[in-house]
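Hydrogens, waters and symmetry mates play no part in the numbers below; they use all other heavy atoms, side chains included. We name chains A, B, ... by the order of the sequence lines, and we start the count at 1 in each one.
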Amino acid sequence: MKKGDHLFLVDGSGYIFRAYHALPPLNRKSDGLPTNAVLGFCNMVWKLMQDARNTNVGITPTHFAVIFDYSSKTFRNELYAEYKANRSAPPEDLIPQFGLIREATRAFDLPCIEMEGFEADDLIATYCRLACEAGGDTTIISSDKDLMQLVGPTVSMYDPMKDRQIGIPEVIEKWGVPPEKMIDLQSLTGDSVDNVPGVPGIGPKTAAQLLEQFGDLDTLLARAGEIKQEKRRQAIIDNADKARISRDLVTLKNDVPVVEALGDLVLQPPNGPRLIGFLKAMEFTTLTRRVAEATDSDVATIDAAALTIETGDAAHGPDVGAGAPAAARAQTQPAVEQSATAAMDSSRGNVEGTVSGLVATRIQQAAVAKFDPTAYVCVRDVATLQSWIAEARETGTVAFRAETTSLDPMQAELVGFSLATRPGRAAYVPLAHRTADDDLLGGGMAPEQISFEAARDALAPLLADPSVLKIGHNVKYDWLVLRRHGLLMQPYDDAMLLSYVLDGGTAGGHDIASLADKWLGRAMIPYKDLVGSGKKLVTFAFVEIDRATSYSAEGADVAFRLWQVLKPQLAAKRLASVYERLERPLVETLAKMEERGISVDRQMLSRLSGDFAQRAAALEDEIYQVAGERFTIGSPKQLGDILFDRMKLPGGSKTKSGQWSTTAQVLEELAAEGYELPRKIVDWRQVTKLKSTYTDALPEYVNPSTKRVHTSYALAATTTGRLSSSEPNLQNIPIRTAEGRKIRTAFIADKGNKLISADYSQIELRVLAHVADIPQLKQAFANGDDIHAATASEMFNTPVEGMPREIRNRAKAINFGIIYGISAFGLANQLSIPREEASDYIKKYFERFPGIRDYIESTKASARELGYVETIFGRRIHYPEIRSSNPSIRAFNERASTNARLQGTAADIIRRAMIRVDKALEDAGLSARMLLQVHDELIFETAESEVEATIPVVREVMENAAMPAVALSVPLQVDARAADNWDEAH
DNA sequence: AGGTTGACATA
DNA sequence: GTATGTCAACCTT
């Protein structure tokens, strides 16, 4: 090696893990062998070798090597036995890829270097030194912070997934210290992943500050007494040894006796046929073609290579791949579900060939496509806006994103919007940005912006054009903001909902940033970077237009690309009907419900607040009296100390963090034994909870212009398909206690109107009776019997007439237990009985209802095999951890998955009802408006005169909501009532 | 200022 | 035993 030469060192082991987690699952089509990390690796190496202009590296390598860890045991374990001790085993579908990636390295004709007793990082450090001594430069292909200590004038790093160079300035920016101080910094912070201890309580910020102050670790440890902050000083003095051990662990060894010399690492031109043979064997069609073009080879004449390594029994492994054999899976569907989905899904039959080919191509393209924020356009005049609109008309698809003054769509004013017409081509249109300084009213309008009216007139025809598909992410928000500005957006697709349907239950949220990271490998600009936080929070109107452009156009660009990746997967996975019938139509339904809002009686709430405050104050006095001291009653920690340490009350139990538990259950038990204080605490908690969460908080949510409360429903928040409600949460308004119910009476109909509450009776048990096909339960529901009494009668051979309350309650608890995925532990807890007794109940229950045990077992087995469960409408809910070797994690996933089929099916049914009910009311000439959904209950507001006509329409829609997709073998029953307030209507 | 924990409201 | 969201206290940065 000589001056001017350039060595590329790929951190192979680091890349494997990162690629595995960053890239969507991918399986070899012929046998399901997992290959996502292998594909990522091959794409990356090919790009690096092929042409440095493709990446930010901008340098062509002369020498090239891929470095791996040999095993998990190294000399560092001698130094510190705990080193990397808490590493868990790699995921199952990653294991076969370790060998494949080494094989890939050899197929590229690259040196594949590893050495027993040393980590890849030590080998990298050694080659960096050798290259430097020979006068050459080095680029380390990795973003691992452990390697940043090597960065210097001749050594830099390159993050292949973010396409980013890491040199001395980047290290300083990220960690606050130059590379040569990284070792000292890591010695202080430690590393929880590698189990490097560091100094507890010292994070990167503090460490950087200390090193800035003292220069280096040795000086810091020697002069630790000078540190002003008491806790910090003590921590460093007490843990100096740990810091020194940590330094030994994080310092990379740069004198490993390596076998391959630098001369052995000279980069050879690619051996086309050999590489193509391997890529063919992996079934990487796109990359195979690319390599063939670049090396001028004929793919057809090259045979797929025989792999030399053991790839394991992958064909029977989990089938979670994006390009997975959906057709094969369809044949294993239970017949009942098959018919349900078949009835709904018109796009079936087209699952293989073109569709899955498109899916694979799109995923690959998206993962490697570049982002160029400088290419985004800022539109300042109507003519340019018109040209973008014309472009959107031509392509027929356009991503849209609104920027506003508020996260609350009911208060948001439009500040600007973005359009994207294809990946990388996006424009931001500022409308109402303001300047920061200027007058007292909060600044003047920024110059050179299109007026809202002009933009609206230009945009309206495009947004409403039935032949142009609008793409968004969380469309409900944009749809509602636009509607409030007089604009209708239709038709649309929502990337968030696509992800929710495709990947419900898998780790990671469906927010745009997570999806951009997951599918596009793109770290988006955080919203907070623009608007700040805390005291410095500003509305989007005060964001500089240049920054707003980069941010907002990126949002539209990302939405467009996500849609390209996700939409084709719907058909390939037979989920198109779930998206089209259960998700997308709800956007508009929910937006309208949110827009309508509900009236609350503020006077009543304020009066209740006063009552609760008085009651709480009285209880506080009594509590201090009995306790003999004043303390913070709301602090479980202080309360636990007083009850169990100072007053020595019996029967205390601990929470998982080791504190005394002071839950209502514990306090109730103590109260039952005659202690005075616990009862008062329980009462105090109830009153303060009602006050702070409801009577104080609700009036704050009354919208100043509509005078009503507008909740926000999340469509993609729950794993099971339920909605969730927030700001305020109107799905947990009290009902169980008399005090709490008073809050419900504050939800009222407007003058001349009534509220109608319509709720499904026992919907989840009915779903259970249907899917598990239980004759006794079906009969009981058909008869209209009291289902808990019927269960008790069957279990205990007791007639329903004259049945003691207690017996029915037990059956009721068991019925709920079945829905929740029963365990003896949980049932015992619920009924306050010994576990053995609970166990006997369950046994008896299964004897009488063997079909339910069979149903639970078959659900678990299928969830275990497929990695997901399905509702009867085909919604898929993933449980990737159901095969965990940890018994408690596994058991939890089993309970959750059995519950999800029932809860999810019930959620799907009410979704279907909600989607249909508006039209049914309209067709019946009724003016009732749906306001709220509480999982199995719908609340409407309607003119008093129409109540009698409305109830049968609502009931009809709800009771027949499963039809025609599924004909339930159990009737659905809906109870409905009208009143002036929610409490009396329910 | 932001995140975590324990408690508790609902279906 | 399932699924959520909010609040107050407390801890860390």
Atom CG of A:Asp936 and atom C1' of C:dT2 are separated, to the nearest Å, by 14 Å
Rounded to whole Å, NZ of A:Lys528 lies from P of B:dA1 at a distance of 12 Å
Of the listed C:dG1, C:dA3, B:dA11, the closest approach to the A:His935 side chain comes from B:dA11
Point to revise | A:Trp660 six-ring face occupied by A:Lys654 cation (under 6.0 Å, within 45°) | key: yes
In short, A:Glu959 meets A:Val974 closest at the heavy-atom pair OE2-N, 2.9 Å
For A:Thr871 and A:Gly904, the nearest pair of non-hydrogen atoms, with its separation, is CG2-C, 3.5 Å
From CH2 of A:Trp660 across to P of B:dT5 the rounded distance in Å is 21 Å
Regarding the side chain of A:Lys637, the nearest nucleotide among C:dC11, B:dA7, B:dA9 is C:dC11
* Asked: What's the verdict on side-chain hydrogen bond (donor to acceptor under 3.5 Å, both in side chains) for A:Asp975 and A:Gln973, showing C-alpha distance, side-chain angles and the deciding distance?
  -> CA-CA 7 Å; A:Asp975 301 323; A:Gln973 188 193 314; 3.0 Å; yes
In whole angstroms, the gap separating C1' of C:dA3 from NE2 of A:His878 amounts to 19 Å
Closest to the side chain of A:Arg736, out of B:dC8, B:dA11, C:dG5, is B:dA11
Does A:Thr655 put a side-chain nitrogen or oxygen below 4.0 Å from OP1 or OP2 of B:dG6?
yes
Out of C:dG1, C:dT2, B:dA9, minimum distance to the side chain of A:Phe892 belongs to C:dT2
_Would you say A:Thr662 places a side-chain N or O within less than 4.0 Å of OP1 or OP2 belonging to B:dG6?_
no
With the side chain defined as heavy atoms from C-beta on, A:Arg685 is closest, among B:dT10, C:dG1, B:dC8, to B:dC8
Rounded to whole Å, CD of A:Gln933 lies from P of C:dT4 at a distance of 14 Å
A:Phe825 atom CZ is separated from C:dG1 atom P, nearest whole Å, by 5 Å
Looking only at C:dA3, B:dA11, B:dA9, the nucleotide nearest the A:Arg744 side chain is B:dA11
Pair A:Ser757-A:Glu937, side-chain donor/acceptor within less than 3.5 Å: yes
To the nearest angstrom, the CD-P distance between A:Gln903 and C:dT2 comes to 11 Å
Ranking C:dG1, C:dT6, C:dA9 by distance to the side chain of A:Ser635, first place goes to C:dA9
- [ ] Verify the contact: side-chain N or O of A:Ser712 to OP1 or OP2 of C:dG5, cut-off strictly under 4.0 Å; return yes or no.
- [x] no
Between the side chains of A:Asp983 and A:Lys742, is the shortest nitrogen-to-carboxylate-oxygen separation below 4.0 Å, so that they form an ion pair?
no
Checking C:dA9, C:dT2, B:dA9 against the side chain of A:Arg895 (C-beta onward), the nearest is C:dT2
Among C:dC11, C:dC7, B:dA9, the one nearest any side-chain atom of A:Ala697 is C:dC7
Review point. Any side-chain N or O of A:Thr718 under 4.0 Å from OP1/OP2 of C:dA3?
Key: no
Separation of B:dC8 atom P from A:Ile743 atom CD1, nearest Å, is 16 Å
